[in-house]
Amino acid sequence: MKTSFKKIIGFLILLLLLLAGVAFFMGYRLLYAPNTHTSDSKPQSLYVPRNSTFETLMDSLERKQLLKDEKSFRRLARLMKFDSNVKSGHYLIADAMSNRSLIQKLRSGSQDPVSLTLDHIRSLSDWSKAVAAQTDINAATLDSLLQDSLFLATTYQRTPDNVMTMLIPNTYEIYWNISPNKLLDKMQGVYEKFWTKERLQKAENQKMTQMEVLTLASIVEEEAYHNEEKEKIAGVYLNRLRKGWPLQADPTVRFAVGNFDLKRITSEHLSIDSPYNTYKYAGLPPTPIRFPSQRAIDAVLNAEEHDYYFFCAKEDFSMYHNFATTYDEHILNAQRYRRALDSKNIR
């Protein structure tokens with residue numbers, strides 16, 4: 001009897017050890033075993049939109065094939081109460097993450113920033129669309145804020161007509177689920193940092209306000225395809241402004257017409273009655289005609305000092321310009337360019 005009892009005890013101990021081993025193995029697999037897989041073993045982006053449910057998240061994980069074992073992830077998510085605590089954001093999912101580390105990352109909202117690139121943009125609407133394409137912000141919501149006169153006046157001391165002046169083009173590191181208000185706050189902060197004492201002093205030396213600098217820079221941006229010509233073109237326009245001459249800037253006419261793709265400006269275009277028609281009205285237009293780059297803004301602040309009052313696109317279509325001091329020189333340059341347009345049948 002004693003021997004049988006010992007055998008039973010031994011068997012039970014062995015069974016308990018076996019069950020403990022299985023439990024340990026299952027627990028390890030549930031908690032710590034690698035359960036993510038990414039292509040080329042490189043981190044992969046996971047975007048969790050606002051108001052996402054756990055099932056929405058699971059759909060994204062499944063669609064991207066990031067989980068090796070979906071059931072174990074679901075099981076631990078329930079145990080860790082993550083299935084009711086989903087946070088939006090952009091998360092980089094590394095290869096071979098455990099369920100526990102993945103859930104901790106997602107549950108804590110430890111998201112990874114994204115690069116928001118905002119350049120080569122003309123209108124506020126295009127700016128909103130560019131933001132929406134790279135973040136979780138709705139373009140219509142952002143558009144609404146940028147047209148809200150009361151909001152802009154009380155928050156940023158701006159109007160819908162000049163708010164673009166605080167939206168300095170660049171690449172910014174932000175969180176993907178940033179709110180529209182926080183994004184605009186960030187842009188205001190960037191604007192204030194951009195306008196250093198040195199830049200403000202240069203604007204004063206040019207006898208221009210920040211708004212005027214940005215407005216002229218927007219014209220320079222449109223005129224100069226090559227960066228190395230920006231300071232020279234800015235110098236031409238400043239010479240004209242100081243003489244009280246009309247700027248006669250074709251990009252402002254294209255803006256007034258509403259067609260930046262015009263290859264030739266005709267008398268019909270030049271006759272349009274708009275404050276943006278700088279052939280008809282002297283001085284700068286009321287607001288920028290596009291978002292000027294930092295390079296164009298600095299080109300105005302550091303404009304070349306020279307005696308040029310005219311410039312015209314080169315006839316070789318290199319996107320460079322011929323510059324002239326006198327009107328007679330300019331007419332000859334313009335005639336060469338028109339002949340080149342005619343030869344290419346460009347109307």
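Hydrogens, waters and symmetry mates are skipped; everything else that's a heavy atom, side chains included, is used.
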Check your understanding: Judged by atom type as modelled, is there a donor-acceptor pair below 3.5 Å linking the side chain of Arg107 to the main-chain atoms of Met80?
Key -> yes
Exercise for review: Quick one: sort the Tyr308 and Phe323 rings into parallel, tilted or perpendicular, breaks at 30° and 60°.
Suggested key: tilted
Check your understanding: Side chain of Arg50, backbone of Ser88: donor and acceptor closer than 3.5 Å?
Key -> no
**Study point:** Donor-acceptor side-chain pairing of Thr171 and Thr117 below 3.5 angstrom
**Key:** yes
Review point. Looking just at side-chain N and O atoms, do Asn333 and Glu315 make a donor-acceptor pair shorter than 3.5 Å?
Key: no
Practice item. Would you indicate whether His120, at its atom NE2, is surrounded by more than 12 heavy atoms from other residues, nucleotides or ligands within a distance under 6.0 Å? Key: no
Check your understanding: Could Arg240 and Phe310 be counted as a cation-pi pair, given that NZ or CZ must be under 6.0 Å from the ring centre and within 45° of the axis?
Key -> yes
Review point. Judged by modelled atom types alone, do Thr141 and Ser144 share a side-chain donor-acceptor pair under 3.5 Å?
Key: no
Point to revise | Side-chain donor-acceptor pair present, Ser101, Ser98, cut-off under 3.5 Å | key: yes
Review point. With distance as the sole test, does Gln206 use its side chain to make a donor-acceptor pair with the main-chain N or O of Val300 at under 3.5 Å?
Key: yes
Exercise for review: Answer yes if the side chains of Ser110 and Ser108 hold a donor-acceptor pair under 3.5 Å, and no otherwise.
Suggested key: yes
**Study point:** Salt bridge Asp112-Lys105, side-chain N to carboxylate O under 4.0 Å
**Key:** yes
Practice item. Return yes if some donor-acceptor pair links the side-chain N/O of Arg295 with the main-chain N/O of Asn227 below 3.5 Å, else return no. Key: yes
Review point. Of all residues at least two apart in sequence or in a different chain, which pass the side-chain hydrogen bond (donor to acceptor under 3.5 Å, both in side chains) check with Tyr276?
Key: Thr287
Review point. Is there a donor in the side chain of Thr325 and an acceptor in the side chain of Asp307, or the other way round, less than 3.5 Å apart?
Key: no
Check your understanding: Salt bridge or not for Glu223 and Lys230, using N-O below 4.0 Å?
Key -> no
Check your understanding: Using a distance-only test with no angle check, is there a side-chain donor-acceptor pair under 3.5 angstrom linking Ser293 and Glu221?
Key -> yes
Check your understanding: What ring pair (Phe, Tyr, Trp, His ring centres under 6.0 Å) pairs are there with at least one residue in residues 132-158, not counting sequence neighbours?
Key -> Phe151-Tyr156
Show me, pair by pair, the donor-acceptor contacts under 3.5 angstrom made by side chains of residues 38-48, not counting sequence neighbours?
from: Thr38; atom 1: OG1; to: Lys42; atom 2: N; distance (Å): 3.4
from: Thr38; atom 1: OG1; to: Lys42; atom 2: O; distance (Å): 2.8
from: Ser45; atom 1: OG; to: His90; atom 2: NE2; distance (Å): 2.8

Check your understanding: So, the side chain of Asn35 versus the backbone of Asp69: is there a donor-acceptor pair under 3.5 Å, distance only?
Key -> yes
Check your understanding: Does anything in residues 253-262 pair up under side chain to side chain donor-acceptor pair (under 3.5 Å), and if so which pairs, sequence neighbours excluded?
Key -> none
**Study point:** Expected output: side-chain Thr36 to main-chain Ala96 donor-acceptor under 3.5 Å
**Key:** yes
Practice item. Using the test side chain to side chain contact (heavy atoms under 4.5 Å, CB included), find all partners of Asp273 that sit at least two apart in sequence or belong to another chain. Key: Lys280, Tyr281
Exercise for review: Could you list the residues that satisfy ring-ring contact (aromatic ring centres under 6.0 Å, His included) with Phe260, not counting sequence neighbours?
Suggested key: none
Exercise for review: Please check if any side-chain donor atom of Asn277 sits under 3.5 Å from a side-chain acceptor atom of Ser274, or the reverse.
Suggested key: no
Check your understanding: Between the main-chain N or O of Tyr309 and the side-chain N or O of His330, is there a donor-acceptor pair closer than 3.5 Å?
Key -> no
Check your understanding: Is it true that a side-chain atom of Glu229 and a backbone atom of His321 form a donor plus acceptor pair closer than 3.5 Å?
Key -> yes
Point to revise | Identified side-chain contact (heavy atoms from CB on, under 4.5 Å) partner of Glu268 from the options Ile272, Thr266, Ile265 | key: Thr266
Check your understanding: Under 3.5 Å, is there a donor-acceptor pair between the Asp316 and Ser318 side chains?
Key -> yes
